[in-house]
There are 2 protein chains.
Amino acid sequence: MNLPPLIQSFVLHFGEMGSHWGINRTVGQIYALLYVSDKPLNADDIVEAIGCSRSNTSMALKELQAWRLVKLQHLPGDRREYFSTPEDVWAIFKTLAEERQKREVEPTLTMLRGAIMETPSGDAERHAQARMNEMYQLIELVTKWFADIRDMDVETLQKLMKLGSQVQKVLQFTQSIGRLTGRDSGKEA
Amino acid sequence: MNLPPLIQSFVLHFGEMGSHWGINRTVGQIYALLYVSDKPLNADDIVEAIGCSRSNTSMALKELQAWRLVKLQHLPGDRREYFSTPEDVWAIFKTLAEERQKREVEPTLTMLRGAIMETPSGDAERHAQARMNEMYQLIELVTKWFADIRDMDVETLQKLMKLGSQVQKVLQFTQSIGRLTGRDSGKEA
DNA sequence: TCAAACTTTCAGAAATTACTGAAAACTGGA
DNA sequence: TCCAGTTTTCAGTAATTTCTGAAAGTTTGA
C-alpha cells in the first residue's frame, strides 16, 4: 500500500470494518479509497494504491457496482474504466439503506410470512409463531418508515434529525390541534 | 438439528443472515432458537436442538451475552444455566442499535476525528479530509438522532413511525406557527 | 475437602472465504 | 480481420474463521 498516512488509515479502517459487516476487506478498502479520491480512478490506480492483485480489484469493483456504490465512467481518449463514488453522502446513505433492504430485509420478511402462515402443531409452535409475528410487525413498521424518510429531501431530513426527540412535543401539540379541529393528524390511530 | 420445520426454517435463516452480518452461523442460530422458545433453554437443550458441539454453544452464548442479547437465569433446584431473550422486541432492537453504535460507529468517529485533525500536505489530502468531514457530519447527525429516538417510549415511537413522511407537513405547519408567534421550533436553524 | 455436575478454554482439524496468476474474453481502432 | 489494450474468469493456493474433543476450571452440596 502506497498512500499518504492520512488516507491510509481511512482505507485500512474501512477494510477492517468490512469484516464486521460481512464485506470483504478489499471491497471495503477500495470503496474508502474511491470515496476520498479527488478524481476517478482506474483499476491499475487502485492496484497501485491498495497493493492487491488486478483480478481481486476487478472482483471488488463488480461487487461495488452491484451495490450501486460506485459509478463507472470513461475519460475521453482513454479506453480504461474509471470509478468514483457519488458526491453526496446522503445519496450514498440512501443507496446503502435500499440495498440492505432488498438483500437482507425482504428475504427475512418473506421467510417470516411463510412461517406465520403454517399451521402450528402444539403450544411451542404456536408460541414461536407469535414471536415471529412480533418480529414481523416491528421490521415492517421500521422499514416502511425508513422508506418514507428516505424519500424526503435532504433539507427536511436534516431539519427532522436536528429536532431529535423534540419531535414528540410537536406531535403532541399537533395532535391536540387535530382534536380541537376534529381532524386526525396521522395515517392511522 | 431436531426441530419442528416451522422453527427450523427460522433458525436456519438467522444462521445464514448472520454470515451477511459478520456474525457466525451458530451464534445466529442460537439466538433465533432462544427468541422463539417459550421457555429458557440450557446449553444441552441448545446442543440437542441445533446439533453443534457443547463447546461451540458455550462460545456462542458468551458472544450473545457480550452483546446483551440474552439473559442468563437459574431455575430453582437446577444448577445449569438457562438462557432466554428479552420479551420486548423493541428493547431488543434498541440493544442491538446501542451495541453496534459502541462497537462500530464510535471507533469510526474516532478515526475520522484523528484524520481530520492532521495537517494535509497537498491538494489530494485536503480533498480527502473534506470528504471525511462530510462523512463525519453525517454519521454524527444520524447517530445523535438515533440516540434521541431510542430513548423515546415505544408508544411515541410507533406513533412517529406510522406518521411516516407526513411528519414533514407537521413540521412545516409547526414552523409557520412558530414564525407567527415568534418562537423557533427546532434546536438549531 | 471431595466428588459430581456443569462450564470454559484451547490446540488442532475442518470448512469457508479471500486472493492470486495465468489464460480467456472482450473492445475499438487500423 | 487482426491486434493491442483492457477486463473478466477460474482453478488452485493462502489465509481466516469456525468448530470440535479433550482437558482444565468452577461451583455446590455432602
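Residue numbering restarts at 1 for every chain, and letters A, B, ... go by the order of the sequence lines.
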Exercise. When you measure from the side chain of A/Ala43, which nucleotide among C/dC19, D/dT9, D/dT7 comes out closest?
Worked result: D/dT7

Exercise. When the distance from CD1 of A/Ile46 to C1' of D/dT6 is rounded to whole Å, what number comes out?
Worked result: 14 Å

Exercise. Could you give the CG-to-P distance, from B/Leu61 to C/dT8, as a whole number of Å?
Worked result: 8 Å

Exercise. In terms of side-chain heavy atoms, does B/Thr156 have a donor or acceptor partner in B/Asp153 at a distance below 3.5 Å?
Worked result: yes

Exercise. To the side chain of B/Glu81, which of D/dT20, C/dT8, D/dT18 is closest?
Worked result: C/dT8

Exercise. Just checking, any donor-acceptor pair under 3.5 angstrom between side chains of B/Gln101 and B/Glu106?
Worked result: yes

Exercise. Would one find a side-chain N or O of A/Asn24 under 4.0 angstrom from OP1 or OP2 of C/dC19?
Worked result: yes

Exercise. Please give, in whole Å, the distance from D/dT17 P to B/His20 NE2?
Worked result: 17 Å

Seminar exercise, completed: Testing D/dT7, C/dT9, C/dC6 for proximity to the side chain of A/Ser58, the answer is D/dT7

For this session: State whether A/Lys62 places a side-chain N or O below 4.0 Å from either non-bridging phosphate oxygen (OP1 or OP2) of D/dT7.
Result: no

Exercise. Just to confirm, is there a sub-4.0 Å distance from OP1 or OP2 of C/dT7 to any side-chain nitrogen or oxygen of B/Arg54?
Worked result: yes

Exercise. For B/Met1 and D/dC19, what is the distance between atoms CE and P respectively, to the nearest whole Å?
Worked result: 11 Å

Problem set entry | Sugar-phosphate only, base, or nothing, as touched by B/Asn56 at under 4.0 Å among non-hydrogen atoms | base

For this session: Describe the nucleic acid contact of B/Thr26 in one word from base, sugar-phosphate, nothing, applying a heavy-atom distance below 4.0 Å.
Result: sugar-phosphate

Problem set entry | Separation of D/dA4 P from A/Asp78 CG (nearest whole Å) | 19 Å

For this session: Consider the side chain of B/Ser55, meaning its heavy atoms from C-beta on, and name the nucleotide among C/dC10, D/dC19, C/dT7 that approaches it most closely.
Result: C/dC10

Problem set entry | Validation row: A/Arg113, A/Thr110 side chains within 4.5 angstrom (heavy atoms) | yes

For this session: Rounded off to whole Å, could you give me the CG-to-P distance for the A/Leu75 and D/dG5 pair?
Result: 18 Å

For this session: Answer with yes or no whether the side chains of B/Glu81 and B/Asn42 bring together a donor and an acceptor at under 3.5 Å.
Result: no

Problem set entry | Whole-Å gap separating P (C/dA4) and CZ (B/Arg80) | 18 Å

For this session: Identify, between B/Ser53 and B/Arg79, the residue whose nearest nucleotide on DNA chain D lies closer to the 5' end.
Result: B/Ser53

Problem set entry | Side-chain donor-acceptor pair present, A/Arg131, B/Thr85, cut-off under 3.5 Å | yes

Exercise. To the nearest angstrom, how far is A/Met59 atom CE from C/dT17 atom C1'?
Worked result: 12 Å

